[in-house]
Protein chains: 2
Amino acid sequence: MPGGHSQTLRPFLWRAEKLYGDTEIVSRTHEGRTRHTYSEYADRTAQLANALDEYGIDRGDRIATFCWNHTRHFETYFGVPNTGAQLHTINPLLPDEHIQYIVEDAADEIIFVDASLAPKLAGAAEGAAEFDDVDFVSMGSDEIDALDATPYEEFIAGHSTDYDWPDLDGDQPAGLCYTSGTTGKPKGVEYTQSMLWSHTMASQTPQGIPMEDSDVVMPVVPMFHVNAWGMPFTATAAGAKHVYPGPSPDPADLAALIEEEGVTVSAGVPTVWLGLQEYVTEGNDVDLSTLDTVIVGGAAAPQSLIEWYDDRGVEVLHAWGMTELSPIGTVSHLTNDLRDADYETQVDKRSKQGLVVPGLEFEVIDEDGEEIPWDGEAFGELRIRGPWVTQEYFARPDASEEGFEDGWLKTGDVVTVDEDGYLQLVDRTKDVIKSGGEWISSVELENAIMAYDGVSEATVVGVPHERWQERPVAFVVAADSVDRDALVEEIEAGLREEYPKWWVPDAVEFIDEVPKTATGKFSKKDLRERYADQSLVEGSVPEDDAPEGE
Amino acid sequence: MPGGHSQTLRPFLWRAEKLYGDTEIVSRTHEGRTRHTYSEYADRTAQLANALDEYGIDRGDRIATFCWNHTRHFETYFGVPNTGAQLHTINPLLPDEHIQYIVEDAADEIIFVDASLAPKLAGAAEGAAEFDDVDFVSMGSDEIDALDATPYEEFIAGHSTDYDWPDLDGDQPAGLCYTSGTTGKPKGVEYTQSMLWSHTMASQTPQGIPMEDSDVVMPVVPMFHVNAWGMPFTATAAGAKHVYPGPSPDPADLAALIEEEGVTVSAGVPTVWLGLQEYVTEGNDVDLSTLDTVIVGGAAAPQSLIEWYDDRGVEVLHAWGMTELSPIGTVSHLTNDLRDADYETQVDKRSKQGLVVPGLEFEVIDEDGEEIPWDGEAFGELRIRGPWVTQEYFARPDASEEGFEDGWLKTGDVVTVDEDGYLQLVDRTKDVIKSGGEWISSVELENAIMAYDGVSEATVVGVPHERWQERPVAFVVAADSVDRDALVEEIEAGLREEYPKWWVPDAVEFIDEVPKTATGKFSKKDLRERYADQSLVEGSVPEDDAPEGE
């Protein structure tokens, strides 16, 4: 056989067990913390694998989880894929109809479910034919009557702690995660063994989010969300200590875990770190001295957040990724040249989405299909490819046809790239406003408008236009007492100074609130539909009659 | 297509060019140093690729180099494999008949050759039919008449600096290197694109030999020897500055490069670092302040070497690898637990071959086919497998049959593993002495004997024995003035105290010198042959009549 042995997750756990048998995996539960060593963990994953065999799980079968971050969930991370089965992590925050859809789409055999999430799952499963062939295992110690769920400890009890882990092919599907887009059905992304291996190794480079055996790693990002950014795998490859924060951790819970377990690396969305910051500034004395790095992703990291943590000796490392990328694509390390720059410049760079990780390639394509210059101004759609970037959606030739081109993933993200190579997200392709052959960033206009006193919220959408294809319209939620006419004048005058004339919205409309999606993002689609039949600006046309887009 | 985009070298250079276009690649020549940026380097590799296309090189064709470490050699590292051709680095120190054999075996189309090595290559090529279809390119600026070699600059001149690098499969052979074993024909090891990609990523983990864009990387290990341990690829993935020391660098050359280029990471065999140490202790004032790490491999790192560099703030990182492993297998980082140990313990661990890099698996099999305990005492043959470990020898089914089993590479190295997981090489399987169903380390006995005053050199070999299968015999080169009988008594008495009784050699023979191989290692094969027909010890039998080995 040409080439080396196949790339699988097995060697990572084998190494951790052999070299770091005594290192701990800690998990917060409502009843206190559980502690297992890698040795015990390895035994328990073997028991789980034997239990799955006895249940009748075959290679390629899909096993789902519906869980927060805890040790048992982590046991499925190696215990399921290392047998050749596929781990399908379900986002329990999805609406019921999405859950029903993906359980049927994935043909899950078993769902491992947390007691606290059982009512949600039972609600989705009740009377739903999609669940007819599914069995349930309860991650708590008790049965869950509504789902007829066997307790996990009972499921694995009595099974051997030895398992003859098979030699899998790198192409063997190991994971499955659905993207929760704002429109249409969720799309499944399969992670092969080789993709997870590659992502783990790329994460471990100095250009990624590297870990050592001295690290104590706490993923706050949910394990149902792109494998908690791959951290459980990366931490295992490093032989690091794991800390799982359990169900719905609040800032006090996180602070206690950081202090008492000596957490060195953690990761989560900005809200998590803003919450901890607020908790401290409210007067709670939290010892952050062990904490070296917090990885922030999922939304832009505010500069003030970076600065606050800097003052406390904690590096905020801004990263960007997607479900399709397993997920890491860029990390905002400072280049060597910038290590001598002034602090303001550094924070500016670090608040961008960052530098591409070695092993990936990207291009940014403008309206005309040309690559944009790297000047931090021009923008276009980001396309990316690499060994841990999927090349298709699970069982969705339609979505795959649309989402990929010539081997590139079309991310749907509109970005700039500056002269140092830092990517910055400025919009989504579906939200960017195409006017007169140029693109206008709706996000940039929104941020500019939201900076005005008297504006509570604002969003900018493109409305179809007979001459310009689209024109921007701003929707503003004003503070109660504000003089609305004066505010509009002020905004328009300000934008005219800051941006090219054709960026200035043709209208500013006041609304009571910006409609939101299930995950709390502005739902521009909703606004577009609501105003589709109205002529908001001169020359605008109803959406159905709009000129063809490019 | 399931899984991610194929794993190739292309993204590493693409990233370095885009992010670090101004970072330098420095090369020492007899006429001074040359300097290129990654931008220029990328242009020149494109020119090389275009020149190869014009020459008529197709995908899978093999291009050889016969060169020291310099920028033009580095240009072939990406310029050749990224087109889909295969780079075959020839060791110019091999005997002529081996060079003839491997040039024919590899069917090389072109050999890029250094002017200083041209006489050696011309000697091997003269009248040798193996070279009939080979063309030569001179890495100097002049033609080489003896080989009718075109100068490199002429070869690439006038070609476009753009090249449409193809989308290669991960299984595409990218490199080829022959092992120079002590017995039999050299065996070729092919490196696929995916193996080189995997090795680069594994090198970049904290458990490997990671590099950053702030590093200045000087590979002293020859580029004809397993891709200079992969460092040119790793440094490029990191966007680091490269420094190539050129032909036959002496300690003064290395010292000047370290000081003047600010080298932070270097790598070579212990002799290189002992040479630099001697140069400094002789009174030459060398500023080593930029140097963070020297990677030592190819032979065991003496503890005194580790300590001398420690005193100067330079970490000696002992690594072990093989041609078959691309080459890195283990690196002797301290585990977190050992970071609190006393210095002596730390140096003891660091002088071992080290901890396995994540992504690999190994097992150590004793005489009875059982895995040895990890106690630092028991030993057996090391078997290893992983994505950057080859699974066969190039066009050698016979050698592949012998060298691999159940997906494992049988390394031929006999090792112990201690309770912390550190591997230590104690012998080669062909040299270990099998006596009465147990193994005796010939290397350990040699080291013990060489420690006696009056012993200049010593080697221990097993001679066939009718009852015990083999028994050890020591061959000693004594200092001139020594009382030989007293020395033998002293050695035997000492070994009896230190080792089990059955380890003590049945005879100590005096010889004038230990026969050596072409690469300077003790040739035990030679000694065995020389004494094959003599009954050196009671019960010994001529080799041909020896009992069957296990």
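Everything numeric in this text was worked out from a predicted model, so none of it was measured.
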Check your understanding: chain A heavy atoms under 4.5 Å from B/Thr335: which part of the residue, side chain, backbone, both or neither?
Key -> both
Check your understanding: Is it the case that more than 12 heavy atoms not belonging to B/Asp375 sit under 6.0 Å from its CG atom?
Key -> yes
Check your understanding: Which one, A/Phe394, A/Phe404, A/Trp388, A/Tyr191, leads in non-hydrogen pairs under 4.5 Å with chain B?
Key -> A/Trp388
Point to revise | A/Glu371 atom CD, over 12 foreign heavy atoms within 6.0 Å | key: yes
Check your understanding: Under a 4.5 Å heavy-atom cut-off, does chain B meet the side chain of A/Asp213, its backbone, both or neither?
Key -> both
Point to revise | Closest contact, heavy atoms only, B/Ser214 versus A/Asn336 | key: CB-OD1, 3.2 Å
Check your understanding: Which atoms of A/Leu355 come close to chain B, meaning under 4.5 Å heavy atom to heavy atom: side chain ones, backbone ones, both, or neither?
Key -> side chain
Check your understanding: Closest heavy-atom contact between A/Pro358 and B/Ala237?
Key -> CG-O, 3.6 Å
Point to revise | Side chain / backbone / both / neither for B/Tyr20 at chain A, heavy atoms under 4.5 Å | key: side chain
Study note, to complete from the structure: side chain to side chain donor-acceptor pair (under 3.5 Å) with A/Glu361: of B/Arg15, B/Arg10, B/His5, only one passes, and it is B/Arg10
Point to revise | Side chain / backbone / both / neither for B/Ala238 at chain A, heavy atoms under 4.5 Å | key: both
Exercise for review: Sort A/Val356 into side chain, backbone, both or neither according to what part of it lies under 4.5 angstrom from a heavy atom of chain B.
Suggested key: both
**Study point:** Heavy-atom closest pair, residues A/Met195 and B/Gly3
**Key:** SD-CA, 3.5 Å
Exercise for review: Go through the atoms of A/Thr205 and report whether side chain, backbone, both or neither lie under 4.5 Å from a heavy atom of chain B.
Suggested key: both
Revision key, fill the gap. Scanning both residues in full, the closest heavy-atom pair of B/Phe12 with A/Gly359 reads CE2-N, 3.9 Å
Exercise for review: Would you please classify the geometry between the B/Phe362 ring and the A/Trp14 ring as parallel, tilted or perpendicular, with 30° and 60° separating the classes?
Suggested key: perpendicular
Exercise for review: Against chain A, label B/Asp167 side chain, backbone, both or neither, depending on which of its atoms sit under 4.5 Å from a heavy atom there.
Suggested key: side chain
**Study point:** Largest heavy-atom contact set with chain B, pairs under 4.5 Å, which of A/Gly386, A/Ser400, A/Pro210
**Key:** A/Gly386
Review point. What are the two closest heavy atoms between B/Pro206 and A/Glu212, and how far apart are they?
Key: CB-CG, 3.7 Å
Practice item. For the residue pair A/Gln7 and B/Gln7, establish whether any side-chain heavy-atom pair is separated by less than 4.5 Å. Key: yes
Check your understanding: Given that the side chain runs from C-beta out, which part of A/Tyr422 has a heavy atom under 4.5 Å from chain B: side chain, backbone, both or neither?
Key -> neither
Check your understanding: Which residue out of A/Gln204, A/Glu419, A/Arg339 racks up the most heavy-atom pairs below 4.5 Å with chain B?
Key -> A/Gln204
Exercise for review: Quick one: pull up CD in B/Gln207 and CG in A/Leu19 and give me the separation to the nearest 0.5 Å.
Suggested key: 9.5 Å
Point to revise | Contacting region of B/Leu325 [heavy-atom separation from chain A under 4.5 Å] | key: neither
Study note, to complete from the structure: Answer key: most heavy-atom pairs under 4.5 Å with chain B among A/Thr236, A/Asp420, A/Leu360 is A/Leu360
Check your understanding: With only heavy atoms counted, which part of A/Ser198 is less than 4.5 Å from chain B, the side chain, the backbone, both or neither?
Key -> both
